[in-house]
Amino acid sequence: MKYRAKIADPTGDRSVEVEVHVDGEGVLVSLDGRKARWDVVATPGGGYSILRPDGRQAEAVPRRSPEGGMKVRVGAEQVTLELLDELTARAQAVAGKGVSRGSGEVKAAIPGRVLRVLAGPGDQVSQGQPVVVLEAMKMENDVRAPRDGVVRSVEVAAGQAVGTGQVLLVLEPSV
Amino acid sequence: MKYRAKIADPTGDRSVEVEVHVDGEGVLVSLDGRKARWDVVATPGGGYSILRPDGRQAEAVPRRSPEGGMKVRVGAEQVTLELLDELTARAQAVAGKGVSRGSGEVKAAIPGRVLRVLAGPGDQVSQGQPVVVLEAMKMENDVRAPRDGVVRSVEVAAGQAVGTGQVLLVLEPSV
Amino acid sequence: MTDRLLVANRGEIAVRIIRACRDLGISPVAVFSDADRSSLHVRLADHAVGIGPAPARESYLVPQKLIEAAKRTGARLVHPGFGFLAENAAFARAVQEAGLVWVGPDPASISAMGSKTESRARMKAAGVPIVPGMTTPAKDPAEIAAFGREHGFPLLLKAAAGGGGKGMRIVRSEDEVPAAFERARSEARSFFADDAVYCELYVEHPRHVEVQVLGDRTGRVVALGERECSLQRRHQKVLEECPSPVVSPELRARMEEAAVAAARSVDYVSAGTVEFLLAKDGRFFFLEMNTRIQVEHPVTEMVYGVDLVAEMIRIALGEPMSFASRPEPRGHAVECRIYAEDPARGFAPSPGTIERLRWPQGPGVRVDSGVEEGDTIPLDYDPMVAKIVAFGRDRDEALRRMRRALNETRVEGIETSIPFFLALLDDPDVLSAAVSTQFLEAWKYASPASSDLAAEVALVAAAVAATRESLARRGSSQPRSPSAWRTARPTFGHRE
Amino acid sequence: MTDRLLVANRGEIAVRIIRACRDLGISPVAVFSDADRSSLHVRLADHAVGIGPAPARESYLVPQKLIEAAKRTGARLVHPGFGFLAENAAFARAVQEAGLVWVGPDPASISAMGSKTESRARMKAAGVPIVPGMTTPAKDPAEIAAFGREHGFPLLLKAAAGGGGKGMRIVRSEDEVPAAFERARSEARSFFADDAVYCELYVEHPRHVEVQVLGDRTGRVVALGERECSLQRRHQKVLEECPSPVVSPELRARMEEAAVAAARSVDYVSAGTVEFLLAKDGRFFFLEMNTRIQVEHPVTEMVYGVDLVAEMIRIALGEPMSFASRPEPRGHAVECRIYAEDPARGFAPSPGTIERLRWPQGPGVRVDSGVEEGDTIPLDYDPMVAKIVAFGRDRDEALRRMRRALNETRVEGIETSIPFFLALLDDPDVLSAAVSTQFLEAWKYASPASSDLAAEVALVAAAVAATRESLARRGSSQPRSPSAWRTARPTFGHRE
């Protein structure tokens, strides 16, 4: 299958077209049009041992990230990327937008216990302002507003345990 | 559920009646009529951490054995046992027999490659006589006839890879 | 009858103590909160007792529950580990009063060292150097200047009524004294309505160097070298080594002598650590004494070839320490504390289930872990999940082994501090040991850019995984077993 | 450019060599047969090359494939490990002729030591003790008696044309010589149609003690103490230790001197091992020299604090060994070879998939493993999957640590030799080191009876698992997640 991939990198995102085709002979890989046969075998724990055509070997473990996208551990490195299949990529290109933004949901990036809720429905908050404090592993962690806005609803209460990705509060949709 | 268990032991087999009942409160265990609540929790790898009512803790990993029955690793010890539920136990008691015996099948107890087949159809073999040689991990391993008998059929050929429990040859059924 | 020891702790240090018990033929008893019923320290113990809800204050911090657990299981000894109640003199006393054996120093030693003021007074009396400071407010600038001439500059001027860093001024030379004195006075007046100021020596860019001591009931106290623990984040040590790369044999001898004097001043029995600030000019000053086993004790164990936890237990049983002549150091050891946290997201806690775990092995590598593959790290406790320790014949070999060990480790399902350590071990100042306790305040972790290899491999892995997923969704007849992805004949390589 | 080293091996020793590469900053290249494509040694390497089908004679034993793999990947060095082609002088020569660096001794040294007769002749010339024996047939009983008077009894009378133990007789004293001579002659005549007999010293209940040597291109050769390897099953060492519990410092010095002389006699460079038979009376005799790294090298590494594999690589690169003064030994180390075999079924091979794996950790424990959880152990190779090594300040501590380490280990899915070792480490003769190479011939492993605790716990575990299974089969609404079996309130313990 063919995908458009976006690799997140501190020096800027990169976009690559990747196609893999599995046949009786192995995995045929095309990276931005460069075609070659790679040797890919599954390893314990949901990973792969990947042999590049030049014999370079690396262990890679791809996982769906709770925030969407994928994280691939390659040896001790971690690569964050987004993979869109052709149809989705085309649709997004037409819409001129990446993944949904501005839905207004403020989510927990880590699991934890809600220590304090710092904003209530109707409150005006500005980008970066702490709105909820989560406690995990003896540390307090601020959850900040992703943009300016007005709080529509608070979905959690102090003392409550929350999981990664759980909605903590909702801002009015952005205009 | 209620089971009759037979524990294989070098000093002789022991038979125990065991009943477990899982309810909202935990696991109610009866061992030969002695009833108590045990604390049983699952651990990674298909095992359990088991707390006996007196606070004694042990890790136990039960597995079905390829030869039938179960093997339970308890710490570094291994306990081999057979577990029959009430119905089966009653049926076997009526039949006056344990698990099927004398079926005449000679099976591979380990995976390996068949190096030599030492008996052919029609051959008379006596108990303990090597009938097949398996090779595994740089070692030759004799498979011996479980009893006196006549070979009815040979199911494998030299060079063939076999798995644990695979039938190698069949003796005429015992009378 | 086999002796039983109750481990009044959880996680990695509980496992460490259980191993010492096994090595001594003592039967370990674990305690667990509701969040820890299936934790590794419970699974490795012979007995286990539930002591209440997840929050530590309702379980691991309740002396009576621990003592009751010991009594129920027939445990005779109690080892507190570190953290929780390890330096709580009242708990130590309660353990003893319950007729149990406390594996640690006497409650009186814990109390004496637990008080900042009492411990300083005792150190002064014992001739252990403490940071020089005035004990009464300065009447005039001349008094400050005289103090500086005696103890050296820079000095730190402080408001006597102050706190929180307010009203503090650094004075770097005698010239600066008069002006600084006036400013400090006026600030003190406006912040605290009290213009009394005093000064103490300001130890700039100090190192944290601590000495391991061990005392037994025969009255013997020995020092087992020092540990360098200057690399600290948020006042938490993250990487420790033994010996300190900057301590000479002469300095070591003087620090060890001071540490033994400190321990003797409180009749110290068991393993303990005397922490010092080491100034750039080679002077060192007593910080505090930790009256318990330390997180970083394995680096000392590897270099000195002793088992400190086993020694603590022997000593608690009334035996002398197990060595007649003091063990000699050999080589160098480094420890990295592996936390369940995400360096790429500001070190946010990362609890969760460990889906895949490979610890490093082989020569010179020791791992002390509190978790296994498949375990879930609870939210409720300290995020340290393991310690990786590397030994080498010299510091260079130890550091290279540590890099190898960190690179060999695989943890999936949670994030850990490993990428942080790999970056840290690339820093020239860390490699040349040119650090102080302030080093990591300024040092910022940044996720490294992916190498070309990693990016390519990641793309292929992600695309293969996504293709498998979508084939599986479509109920395709494509093989689903992972091994079916094994290719029969790659273009590279030589399979005939 | 980073140097690359091709590891011409698989399994545990390949992983060990890869670690040495990492510690030295050298990039490791793995080779794999079809059975090993996804093995750990491949996953830990930077490059990997397929070299053919599973049978070793079509892959790991084909010199040309290995050399080609090195050339393709730009590897400059080749390390053979042990087994396979490690002591094949022709391969070493081929590697050198291909312009690559052989990590091992010169091919000539390998050849000289590879021949039983040439090595004995060289040892004789070098003054290294070999088992005394007549080099021509005995004319009469008097000649045998004279030999016995010179070298001591018992003697072994052998047919000159013999083999396979036939026609051999043990002579315990001079009195027995005449009768034994006649019997041996007549047996030799009837078995081999040749009545020539000769004799050699019969070393009864010998110990296997070997000395580690290391030589470099500066001409320096050092010995790094001895290893005791008397515990052997089917001529395979199973448990080794360093130092030998019966070798005194004086004897060690003499054995080390002999070992260095043996190595010098073949201009030995790299790590090697000189094996001796140690007689009860303290005499020792050259057995053979292994011109490669040994399986049991980690016990020496732990006691001497050196990395023998890294030294081999340094020396191959032309560097001198890394230590100026000879490292001093410290403490005691024991190794158990963990095989995939079932002691309860006559040590039958037990290949398969490792469903669950916990290696031991903590103080004094080193694991060198070739497998991880989830890996499958192929049928095609040696059944050794790992080595567990325990270090202690003395032998007693090392043995207790080993017991702890073995008890801590969990392997599910295959059987291993761990129960055998746990039984062995309970044997008083093993604990007091009263063993010889024949010890395990007579020693029979028997599965121990289950303890009452184990039996009870096993029953409950089996019944719970079976109940879960049958509930699952019936599609019951009972929770299927394992954690749902967690009980809320046990009668024992204190959960509030």
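A, B, ... follow the sequence lines: proteins, then strands. Residue 1 opens every chain.
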Practice task
Just do the side chain to side chain contact (heavy atoms under 4.5 Å, CB included) check on A/Arg52 and C/Val460 with the steps written out, would you?
Solution key: CA-CA 10 Å; A/Arg52 207 164 60 172; C/Val460 172; over 6 Å; no
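- In this structure the side chain of A/Asn141 never reaches within 4.5 angstrom of the side chain of C/Phe347, judged on heavy atoms.
- Proximity to chain A involves both the backbone and the side chain of C/Ala340, based on heavy atoms less than 4.5 angstrom apart.
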Practice task
Evaluate the side chain to side chain contact (heavy atoms under 4.5 Å, CB included) criterion for residues A/Val29 and C/Glu456: first the C-alpha distance (whole Å), next the side-chain angles of each, then the deciding distance (0.1 Å), finally the verdict.
Solution key: CA-CA 10 Å; A/Val29 172; C/Glu456 279 196 4; over 6 Å; no
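- Nearest heavy atom pair, residue C/Ala454 against residue A/Val79, reads O-CG2, 3.8 Å.
- Contacts from residues 348-359 of chain C to chain A, taken as heavy-atom pairs separated by less than 4.5 Å, involve C/Ala348, C/Pro349, C/Ser350, C/Pro351, C/Glu355, C/Arg356, C/Arg358 in sequence order.
- Counting heavy-atom pairs under 4.5 Å between each of C/Ala56, C/Ala449, C/Ala465, C/Ala455 and chain A puts C/Ala449 at the top.
- Among C/Glu408, C/Glu373, C/Arg410, the residue making the largest number of heavy-atom pairs under 4.5 Å with chain A is C/Arg410.
- Here the side chains of C/Thr467 and A/Tyr3 are in contact, with some heavy-atom distance below 4.5 Å.
- Ranked by heavy-atom pairs under 4.5 Å with chain C, the list A/Gln78, A/Glu19, A/Glu59 is led by A/Glu59.
- Taking all atoms of both residues into account, the shortest heavy-atom contact from A/Ile50 to C/Ala461 is CD1-CB, 3.7 Å.
- Both the backbone and the side chain of A/Met1 come within contact range of chain C, judged by heavy atoms closer than 4.5 Å.
- Among the residues in residues 378-386 of chain C, those with a non-hydrogen atom closer than 4.5 angstrom to a non-hydrogen atom of chain A are C/Pro378, C/Leu379, C/Asp380, C/Tyr381, C/Asp382, C/Pro383.
- Ranked by non-hydrogen atom pairs under 4.5 Å with chain C, the options A/Val16, A/Val18, A/Val72 are led by A/Val72.
- Checked for salt-bridge contact, A/Arg73 and C/Glu415 meet the test: a charged N lies under 4.0 Å from a carboxylate O.
- The two residues C/Ala462 and A/Leu81 have their closest heavy-atom pair at CB-CD1, 3.8 Å.
- Per-residue counts of heavy-atom pairs under 4.5 Å with chain C were compared for A/Arg64, A/Glu135, A/Lys2, A/Arg14; the largest is that of A/Arg64.
- When side chains are defined from C-beta on, C/Leu459 counts as touching A/Ile7, because their heavy atoms get closer than 4.5 Å.
- With a threshold of 4.5 angstrom between heavy atoms, C/Thr409 does not approach chain A through any atom at all.
- The part of C/Leu422 that comes within reach of chain A is its side chain, from C-beta onward, which places non-hydrogen atoms under 4.5 angstrom from that chain.
- A donor-acceptor contact shorter than 3.5 Å links the side chain of A/Glu77 to the backbone of C/Ser451.
- Checked against A/Asp9 for a side-chain contact (heavy atoms from CB on, under 4.5 Å), the options C/Pro448, C/Ser450, C/Ser447 give a single hit: C/Ser450.
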